[in-house]
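Every chain is numbered from 1 and lettered A, B, ... according to where its sequence line falls, protein lines coming before strand lines. Below, each value reflects all heavy atoms present in this structure, side chains not excepted, and no hydrogens, waters or symmetry copies.
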Amino acid sequence: DTGVSQNPRHKITKRGQNVTFRCDPISEHNRLYWYRQTLGQGPEFLTYFQNEAQLEKSRLLSDRFSAERPKGSFSTLEIQRTEQGDSAMYLCASSLGEGGRLAKNIQYFGAGTRLSVL
Amino acid sequence: DQQVKQNSPSLSVQEGRISILNCDYTNSMFDYFLWYKKYPAEGPTFLISISSIKDKNEDGRFTVFLNKSAKHLSLHIVPSQPGDSAVYFCAASATQGGSEKLVFGKGTKLTVNP
């Protein structure tokens with residue numbers, strides 16, 4: 001399977017614990033995005049990388065959240081001191097920048113990591 | 001402030017008929033629009049997109065129409081099939097403004113009855 005891969009698929013944690021999610025994008029894609037989706041809502045943008053550079057961050061991304069994309073390949077999203085309000089589906093997407101064979105800004109999503117904070 | 005609105009939470013149609021899903025937006029900087037389909041326990045799957053320089057884009061059974069003056073777009077599915085039953089999300093981006101983020105609506109749940 002050459003799509004976007006996210007691990008783990010599910011994570012249950014206790015309030016106050018730290019969690020880390022991983023995303024492996026489609027191999028030739030240089031852009032990687034993180035979104036969060038809660039029940040009854042559409043995905044909400046969190047942050048975006050072009051290669052290893054984090055170029056855009058949402059105000060939703062509090063200082064407890066940090067994302068990295070070392071070497072411009074896979075990415076990790078860490079949430080420190082989790083709160084019950086962090087419970088959501090965390091989605092990763094990737095896209096190919098301009099000049100590629102794919103149309104601009106079509107983002108391809110992984111299956112997500114569902115986080116439950118007890 | 002919801003910049004992308006899908007005002008119908010659900011839609012039910014008969015197999016073989018047309019499904020029309022609607023989406024309104026408020027940000028005039030949006031210049032690229034996409035529709036995604038989502039099944040339970042899966043991520044959103046890209047369906048079709050349209051640039052603001054066009055008013056129609058067609059791909060098989062799926063057609064997206066864009067009315068810029070009304071800030072409205074719609075997705076037509078003809079003919080509808082039971083396998084089309086899913087939640088459909090409208091998304092928009094302001095690419096000329098330098099932002100790569102997609103802004104999504106809340107989704108419309110489509111049910112196609114056999």
Exercise for the section: Evaluate whether atom CZ of A:Arg15 has more than 12 neighbouring non-hydrogen atoms of other residues, nucleotides or ligands under 6.0 angstrom away. Expected result: no

Exercise for the section: Consider only side-chain heavy atoms of I, L, V, M, F, W and Y, link residues closer than 4.5 Å, and tell whether B:Phe30 and B:Leu75 are in one cluster. Expected result: yes

Problem - Atom pair NZ (B:Lys106) and OG1 (A:Thr38), whose distance is rounded to the nearest 0.5 Å - result: 9.0 Å

Handout entry: In one Ile/Leu/Val/Met/Phe/Trp/Tyr side-chain cluster, 4.5 Å: B:Phe46, A:Leu32
Key = no

Completion exercise
Of all heavy-atom pairs linking B:Leu102 and A:Tyr35, the shortest is N-OH, 3.0 Å

Practice task
Might you point out which heavy atoms bring A:Pro43 and B:Phe104 nearest each other, and give the distance in Å?
Solution key: O-CD1, 3.4 Å

Problem - Over all atoms of both residues, closest heavy-atom pair of A:Gln37 and B:Phe89 - result: NE2-CZ, 3.3 Å

Handout entry: Shared hydrophobic cluster, A:Val4 / A:Tyr90 (ILVMFWY, side-chain heavy atoms < 4.5 Å)
Key = no

Practice task
Rounded to the nearest 0.5 Å, what's the gap from NZ on B:Lys101 to CD on A:Glu44? Could you check?
Solution key: 10.0 Å

Exercise for the section: Look at the side-chain heavy atoms of Ile, Leu, Val, Met, Phe, Trp and Tyr, link any pair under 4.5 Å apart, and say whether A:Val19 and A:Leu61 land in one connected group. Expected result: yes

Practice task
Mind listing the closest non-hydrogen atom pair of B:Tyr32 and A:Ile106 along with its distance?
Solution key: OH-CG1, 3.6 Å

Problem - Contact class of A:Arg114 relative to chain B, heavy atoms under 4.5 angstrom - result: neither

Handout entry: Hydrophobic cluster identity match, B:Val64 and B:Leu21, side-chain contacts under 4.5 Å
Key = yes

Handout entry: Under 4.5 Å from any heavy atom of chain A - which part of B:Lys38
Key = side chain

Practice task
Scan residues 78-94 of chain B for pairs that pass salt bridge (charged side-chain N to carboxylate O under 4.0 Å, His left out), counting only residues two or more places apart or in two chains.
Solution key: B:Arg61-B:Asp84

Exercise for the section: List the atom of A:Leu91, the atom of B:Gly43, and the distance in Å for their closest heavy-atom pair. Expected result: CD2-CA, 4.3 Å

